[in-house]
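Below is one structure; the comments refer to it alone.
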Amino acid sequence: MASDGKKAPYTLQIGPIHPSLKEPVMFTFEMDGEQVRSVDFAPGQTHRGIEWMGMRRNPVQIVHLTDRICGICGIVHTLAFSLAVEQIAEIQVPERADYIRVILHEFERIQSHLLWAGVAAHELGFDSLLHLTWRVREQAMDVIENLTGNRVNYGIVQVGGVRRDIVPEQYKIIEDCLSTYEGLLTKLLNLFLDDTTIAMRCRDTGVLTRKEAIELCTVGPTSRASGVNMDLRQDYPYAAYGDLDVRAVLPEPHMGETHGDVYDRIVVRLFEVGQSCQIIRQCLSEMPSGPYTAEEKPAKILAICKKATGEAIGRVEAPRGECLHYVRMDGKESPTSWKVKASSYSNLMSWIPMLKDEQIADIPIIVASIDPCLSCTDRVAIVRNGEKSILTKEDLTRLSVEKTRRLQR
Amino acid sequence: MTPVTVAAILGWCILLSFFALSAGLFLLGVDRKFAAHMQARIGPPIRQPFIDVAKLLQKENVVPANAIPWLFSLAPIIALASSIVVLFYLPVGSIFPVLGTYGDLVLVMYLLTVPALAMVAGGFASGSPYATVGAQREMVTMIAYEFPLAIVVVGVAWRLGAAGLAAPFTLGTMAANPIWTLVGPLGLIGALLLLLVLAFVTPAELSRIPFDTQEAETELAGGLLVEYSGRNLAMFYLAQGVKTLVLSAVIVAIFFPWNLSAFIAMSPWIALPADLLFFLVKAILVMFFAVTLVRVGMARFRINQVVSIYWIYLSVIGIAGLLLLMADASIPVLAGVGI
């Protein structure tokens, strides 16, 4: 014990592997008893070099590689990459393909949010709710399997459209699933939002103010729960969203006030499940007929892509927020440059204000509350002679200048 | 004491220890099965805890480099031994407590803290920050639930004493005179409140959800037990089973002490196993309501919430129960004075 009567702070490390973390990330907490004084974290523990692999492949192949960036956001990454390539190669995507893309995109959001709700319940020690939500999630997975042929890594989106049509017989399956979820939603809202223990643990825990949310450039449900009216589907409609009625889900209309805490993040995600059901229903009723892809033969798509030059950004509202793919093509088979910025990349920094002054007990749920997807996020890991190093801003500037000089020569 | 009685007592103790170990593991298995069915899962077979222990006994026993080895290895032995010893003071079925004449409920209360203290010592001796935080939480939890627990014990014993019974704290007296038969309507409510308090102390004693902050899988990765493995972990696991049995037995002894043989006439050779089975059924029921149902239906509390729940809510409920029992005992007396 220190002589001034204060408790000596100690360091608590959580990660890279820990039961509360679904993916590897390393936290270092400066603790004071049960309270977090400050926190630092080190992502980059699950870097797989996907961009490096992509640079050696052609766009038709990369689409299916992007499917494997994340186990949950298969549609998100394939769609963002396809949108970028379609802009460069000036491919006109048929309207029906846009609608099919939106339907799958929203089903993915449903299953992702339900998965998250289960994980959140588990982090709170409420395992019954975990089992319940994951059981109801199965129906969305079944529908996705019916529509795409796969439960994960769907392989349905391709440059120029989608690879499979949705036939009228499948409308009924989709409709069944939607009505089940709309019926279940009241029950889920009741279980999560009216439960005393959940409210005790989540209300005013891990608060991210609106100002912080904007300053840290957070995206998706994390920023919406702090009251930032921001949703790519509403602000920058892609695919068929321009025709559809989408409004960002904010906690205020549903709960009366915005706290920006973990509870509000639950609110936003659960109401988004309901919103996704409405969007899919709207898509089904307005679905235009016509081809489902601009070009069926991959060889022809490839031929078009090979001639394309230019750069473009594909932006998609993933379940976790905006996901962005930058592609540059110079008339070669593989792209000159390809950069993935997953939604969690923008959200990770919000952990620092959220975790400050909270208790150890709240670390798991706060970390989970932004729904971090680290395999999506990790793009860089510097390893030299078996030693890991961190590149600072100055290092990066120096390296960029050197690279530019080399290219100018 | 003759050598024969000593030998008889020792023999009973050994038999009872084996019963405690196997019944404890059986209770854990039943608990897992019930919980699984309530969560719409199939769950592991009831013999799973036995399989787990058998497996753990074969595993390597790792002692961390910065642990205090003797304390680290001693803690699980103390935890297991002390939890078995508690059972010697409790009536199991119609078997009168083996050491019942040497100790009463106050001793049982003290003995119940020993496994928790052993876990705290083991946690601090592990030299891991997770275990240290877990040990601190265990201490705080212990301080939190001791007071409501004491209220229950004192309340019931006081009422038995007020009814004119000699040695109200002994479990023999409690088993022979169920509290429900002694009290009027006010006391009935009071006793029910005390039962509720005792039921809520149970999950904390057993470190189960919602009061499992000291082990908190998602926060501390097992907390106190994080560094334990192999034989040591198996002993803690066995202790957990025995503690489950012991706490159920305490609730059964204080509040549900009836035996089958008291109602149905049967020969002593049938009565003993029949009462034992009936005791197990009662223990399972108590465990189901006090542990399984609670842990399935709730999220984990924060440590400060645990403290406020015990010190404020449950203490108030306990004191209300105590006051009702006192009122119940004194009203007839006062009424008698009035006449």
Side-chain angles (χ1 to χ4, degrees), chain A residues 7 9-15 17-22 27-36 118-136 138 191-192 195-205 262 266 358-368, chain B residues 31-32 34-43 124 127-141 200 203-204 207-223 225-226 292-309 312-313:
Chain A
K7 271 183 279 180
Y10 64 99
T11 313
L12 182 73
Q13 297 210 324
I14 290 188
I17 307 296
H18 187 273
S20 75
L21 303 168
K22 301 301 165 246
F27 285 97
T28 312
F29 292 97
E30 284 292 321
M31 302 297 303
D32 188 355
E34 288 266 333
Q35 206 176 36
V36 177
V119 169
H122 175 66
E123 304 288 12
L124 290 171
F126 204 154
D127 281 353
S128 306
L129 214 45
L130 158 78
H131 293 296
L132 178 87
T133 38
W134 281 27
R135 190 164 60 136
V136 300
E138 276 308 295
L191 282 172
F192 273 94
D195 187 276
T196 324
T197 41
I198 291 186
M200 273 171 82
R201 291 290 309 274
C202 297
R203 250 308 171 217
D204 297 318
T205 302
V262 174
I266 302 179
E358 295 292 350
Q359 291 195 9
I360 297 181
D362 298 322
I363 293 172
I365 183 64
I366 293 174
V367 168
Chain B
D31 167 60
R32 287 177 70 171
F34 275 144
H37 277 287
M38 280 190 278
Q39 294 172 337
R41 293 184 289 126
I42 297 167
F124 278 127
S128 148
Y130 292 132
T132 310
V133 173
Q136 287 166 353
R137 286 180 173 185
E138 172 78 44
M139 284 199 297
V140 172
T141 314
F200 263 94
S207 47
R208 306 304 284 265
I209 289 173
F211 304 111
D212 70 332
T213 45
Q214 57 270 58
E215 284 171 27
E217 176 212 341
T218 47
E219 295 159 26
L220 299 179
L225 303 175
V226 70
T292 318
L293 205 58
V294 177
R295 86 179 171 99
V296 165
M298 285 176 110
R300 182 182 302 120
F301 288 119
R302 254 179 244 148
I303 185 71
N304 56 339
Q305 291 168 341
V306 169
V307 174
S308 55
I309 283 169
I312 301 171
Y313 299 103

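Predicted model, so just to flag it, every value in this text is computed and none were measured. Every chain is numbered from 1 and lettered A, B, ... according to where its sequence line falls, protein lines coming before strand lines.
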>> Tell me the closest heavy-atom pair linking B:V296 and A:F126, and the distance in Å.
In response: O-CE2, 3.4 Å

> Does B:I42 CD1 have over 12 foreign heavy atoms under 6.0 Å away?
Replying inline: no

>> Within the structure provided, determine whether B:V133 and A:M31 are in side-chain contact (heavy-atom separation under 4.5 Å).
In response: no

> Got a second to check how far A:L129's CG is from B:Q39's CD, nearest 0.5 Å?
Replying inline: 10.0 Å

>> Rounded at 0.5 Å granularity, tell me how far CG in A:D127 sits from CZ in B:R300.
In response: 8.0 Å

> Quick one: CG on B:N304 to CD on A:Q359, what's the gap to the nearest 0.5 Å?
Replying inline: 4.0 Å

>> For B:T292, give me all partners under side chain to side chain donor-acceptor pair (under 3.5 Å), at least two apart in sequence or on another chain.
In response: B:D31

> Which atoms of B:R302 come close to chain A, meaning under 4.5 Å heavy atom to heavy atom: side chain ones, backbone ones, both, or neither?
Replying inline: both

>> Can you confirm whether A:F192 is buried at CZ, in the sense that more than 12 heavy atoms of other residues, nucleotides or ligands lie under 6.0 Å from that atom?
In response: yes

>> Between A:R201 and chain B, with a heavy-atom cut-off of 4.5 Å, which part of the residue counts as in contact: side chain, backbone, both or neither?
In response: both

> Who wins among A:D195, A:I365, A:T196, A:I14 for the most heavy-atom pairs under 4.5 Å with chain B?
Replying inline: A:I14

> What part of A:I363 lies closer than 4.5 angstrom to a heavy atom of chain B: side chain, backbone, both or neither?
Replying inline: neither

>> Test your reading of the model: is there a side-chain donor-acceptor pair from B:Y130 to the backbone of A:L12, 3.5 Å cut-off?
In response: no

>> With rounding to the nearest 0.5 angstrom, report the CZ to OG distance, B:R295 to A:S128.
In response: 8.5 Å

> When heavy-atom pairs shorter than 4.5 Å are enumerated against chain B, which of A:L132, A:D362, A:I198 gives the highest number?
Replying inline: A:D362

